[in-house]
2 protein chains.
Amino acid sequence: MRGNLFAVAVNLIVLTVRSHRLHVLLIERGEQPFLGEWALPGGFVQPDEDLVHTGTRLLREETGDPTGDAVVGHLEQLGSYADPSRDPRGRVLSVAYLALVPDLPEPTPGSDAAASAWRPVDEVGPLAFDHEQLLADGVERARSKIEYTTLAASFCPPEFTVTELRRVYEAVWRSELDPRNFQRKVTSTDGFLVPTPTLVTGGRGRPPRLFRRGPATVLHPPMLRESHRVNRNGDAPEQ
Amino acid sequence: MRGNLFAVAVNLIVLTVRSHRLHVLLIERGEQPFLGEWALPGGFVQPDEDLVHTGTRLLREETGDPTGDAVVGHLEQLGSYADPSRDPRGRVLSVAYLALVPDLPEPTPGSDAAASAWRPVDEVGPLAFDHEQLLADGVERARSKIEYTTLAASFCPPEFTVTELRRVYEAVWRSELDPRNFQRKVTSTDGFLVPTPTLVTGGRGRPPRLFRRGPATVLHPPMLRESHRVNRNGDAPEQ
DNA sequence: TCAAAAGTGTTTCACATACACCCATGT
DNA sequence: ACATGGGTGTATGTGAAACACTTTTGA
């Protein structure tokens with residue numbers, strides 16, 4: 001068997017929405033290399049562990065939720081990164097996993113972390129390794145996937161209002177959506193939202209209804225970030 | 001550094017369209033394990049090689065195009081597979097790359113292959129390792145990406161007709177598209193197709209115009225596989 | 001002259017946008 | 001009463017679907 005050997009790590013891009021802004025879970029490294037610097041949480045794949053198993057194990061560790069019951073969110077593989085110079089210790093391939101979770105309590109640092117915290121994705125400074133690239137790719141994946149899937153609900157608690165769901169879209173896309181058209185769009189898409197009998201009182205205006213996630217996973221037609229009329233095709237229009 | 005070590009391979013899902021059907025490039029293994037069985041082409045990542053470099057190197061080797069000039073197609077990372085039992089030799093992580101290429105001449109087998117051939121994707125039998133899974137994931141990625149990108153043109157030669165492009169969509173999606181609406185759609189999307197002065201004579205009807213790829217990479221709005229009216233949301237509609 | 005394939009015009013319908021308007025609550 | 005946010009109704013525009021029709025070639 002030719003080829004040299006790699007250590008294989010899994011890194012998590014754990015995204016959530018807190019106070020109307022998209023946040024990512026970061027740790028302060030407690031070991032070399034990059035000791036004291038901020039990084040994405042992660043760890044090595046153990047013997048007899050599959051990648052997705054490593055991902056869920058790390059997600060439970062870093063969110064401080066050993067049973068996994070509280071994290072009802074979404075976990076998917078994002079991609080692998082193996083630039084020969086990405087880790088000073090040697091050849092390390094990192095498989096990035098993207099996690100979308102509801103707003104959780106403050107995280108408890110994992111074993112190799114000095115501290116951990118939620119940080120707004122547009123205020124993240126330099127990160128260890130190539131983790132800025134991983135984070136950028138993860139945010140981009142999240143932004144595009146909520147267009148044509150129902151994954152935005154993964155950022156919400158089990159029961160939520162239409163406005164809470166709209167705040168998720170607005171936070172991830174950093175854009176404003178018309179509340180009235182959004183309401184009609186999500187409530188008229190079969191299988192997206194299941195109404196509950198509960199109305200939330202205590203707020204200022206008319207009490208909103210609570211919804212649960214429905215069985216639908218894709219959105220046809222997709223949710224649109226903005227008008228179709230802008231030319232997103234990049235360069236000079238032809239003819 | 002905890003965690004055990006992996007061999008890291010890159011496997012290619014090379015797709016093309018031949019005689020109106022989607023084909024994949026397969027090799028007959030010339031080494032153990034799985035000697036004599038069909039598999040996806042691949043090879044190990046060499047020292048100081050990045051993943052995408054391994055992918056392009058292998059693509060040139062397997063297509064018999066050492067300069068890479070003929071393969072003007074598309075190469076992107078699909079995902080990584082690392083089930084502990086996927087390779088009897090031990091712990092091997094495979095990074096799958098998806099390649100979309102124009103119809104090429106018959107391939108020349110790479111170093112570790114006894115033979116290689118283009119096979120229709122819906123007539124592929126059992127494959128070595130977990131390569132059936134890789135192939136299914138690659139075909140699914142190709143099917144969805146040509147909806148909202150201009151990547152279908154990667155299956156075409158540098159100059160092609162609108163009908164040739166439509167045959168690509170029909171082969172990948174195994175569906176029929178209205179030639180007249182397709183024509184208007186692709187020619188009116190800014191930056192997708194650039195007309196050339198050339199008309200192709202020799203066919204039976206009115207000579208079609210040749211086009212080249214334009215600078216556009218995304219399709220807004222997307223190409224639709226079939227009518228919007230069918231409910232693709234899966235399960236029982238709510239409320 | 002006819003068949004065949006390329007390409008255009010037109011009607012209809014789905015749905016996004018924009019926004020007027022009503023509903024139900026806290027203060 | 002009134003402000004505030006939830007939710008519905010409706011006019012307008014864009015683009016997909018369906019298909020009649022014209023154009024341009026080979027046989």
Side-chain angles (χ1 to χ4, degrees), chain A residues 20 147-148 156 159-170 173 175-190 192-193 195-211 218-233 237 239, chain B residues 20 146-148 156 159-167 169-170 173 175-190 192-193 195-211 218-233 237 239:
Chain A
H20 302 185
E147 282 188 11
Y148 57 93
C156 295
E159 299 197 333
F160 53 92
T161 67
V162 170
T163 295
E164 285 172 337
L165 183 61
R166 178 168 50 82
R167 298 275 186 234
V168 165
Y169 276 96
E170 293 178 332
W173 285 345
S175 66
E176 298 222 333
L177 300 174
D178 186 297
R180 299 154 296 182
N181 293 331
F182 183 86
Q183 176 100 20
R184 194 186 359 258
K185 169 85 180 175
V186 295
T187 55
S188 67
T189 297
D190 280 347
F192 193 177
L193 299 184
T196 73
T198 318
L199 302 181
V200 181
T201 56
R204 259 197 294 260
R206 172 173 169 176
R209 182 173 299 278
L210 283 180
F211 291 84
V218 294
L219 281 178
H220 279 283
M223 187 76 62
L224 297 171
R225 283 151 107 136
E226 48 186 331
S227 168
H228 263 170
R229 268 168 258 141
V230 302
N231 174 16
R232 292 198 196 77
N233 286 330
Q239 63 180 0
Chain B
H20 301 187
I146 65 174
E147 284 188 11
Y148 56 93
C156 297
E159 299 197 334
F160 53 92
T161 67
V162 170
T163 295
E164 286 172 336
L165 184 61
R166 178 167 52 81
R167 298 273 186 236
Y169 275 98
E170 293 178 333
W173 286 343
S175 66
E176 297 221 332
L177 299 174
D178 186 295
R180 299 155 294 184
N181 292 332
F182 183 86
Q183 175 100 20
R184 194 185 1 255
K185 170 84 180 177
V186 296
T187 55
S188 67
T189 297
D190 278 347
F192 193 176
L193 299 184
T196 73
T198 318
L199 301 181
V200 181
T201 56
R204 257 198 295 261
R206 171 173 171 176
R209 183 174 298 278
L210 283 180
F211 291 83
V218 294
L219 280 177
H220 279 283
M223 188 76 63
L224 297 172
R225 283 150 107 135
E226 46 187 332
S227 167
H228 262 171
R229 268 169 257 142
V230 302
N231 174 15
R232 291 198 197 77
N233 287 330
Q239 69 180 2

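Keep in mind that this is a model prediction, so the values were computed, not measured.
Taking atom CE of B:M223 as the reference point, atom P of D:dG15 lies 14 Å away to the nearest angstrom. D:dG6 atom P lies 12 Å from atom CZ of A:F211, rounded to whole Å. Remark: C1' of D:dG5 and CG of A:L210 are 15 Å apart, rounded to the nearest angstrom. D:dG6 atom P lies 13 Å from atom CG of A:L165, rounded to whole Å. Residue A:L224 contributes atom CG, which lies 12 Å from atom C1' of D:dG15 at whole-angstrom precision. Protein atom CG of A:D190 is 11 Å distant from nucleotide atom P of C:dC15, rounded to whole Å. Separating the CZ atom of B:F182 from the P atom of C:dA5 is a distance of 17 Å, rounded to the nearest angstrom. Atom CZ in B:R225 sits roughly 14 Å away from atom P in D:dA17 (whole-Å rounding).
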**Fill in**
Reading nucleotides 19-27 of chain C from 5' to 3' and marking B where a protein heavy atom lies under 4.0 Å of the base, S where only the sugar-phosphate is that close, and - otherwise, the string is BB--BBBS-
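In this structure, the salt bridge (charged side-chain N to carboxylate O under 4.0 Å, His left out) partners of A:E170, at least two apart in sequence or on a different chain, are A:R166, A:R167.
You'll find the side chain of B:L199 stays beyond 4.5 Å of the side chain of B:L210, heavy atoms only. In this structure, A:F182 and A:T163 have side chains that are not in contact, with every pair of non-hydrogen atoms separated by 4.5 Å or more. Looking only at side-chain heavy atoms (C-beta outward), B:M223 and B:W173 come within less than 4.5 Å of each other.
Atom CG of B:L177 sits about 13.0 Å away from atom CD of B:Q183, to the nearest 0.5 Å. To the nearest 0.5 Å, the span separating OH on A:Y169 from CZ on A:R225 amounts to 11.0 Å. Atom CZ of A:F211 sits about 7.5 Å away from atom OG1 of A:T196, to the nearest 0.5 Å.
Distances shown here put a side-chain N or O of B:Q183 below 4.0 Å from the OP1 or OP2 atom of C:dG7. In this model, the phosphate group of D:dG15 is not approached by any side-chain N or O of B:K185 to a distance below 4.0 Å at OP1 or OP2.
Within 4.0 Å of A:T161, counting heavy atoms only, lies no atom of the nucleic acid at all.
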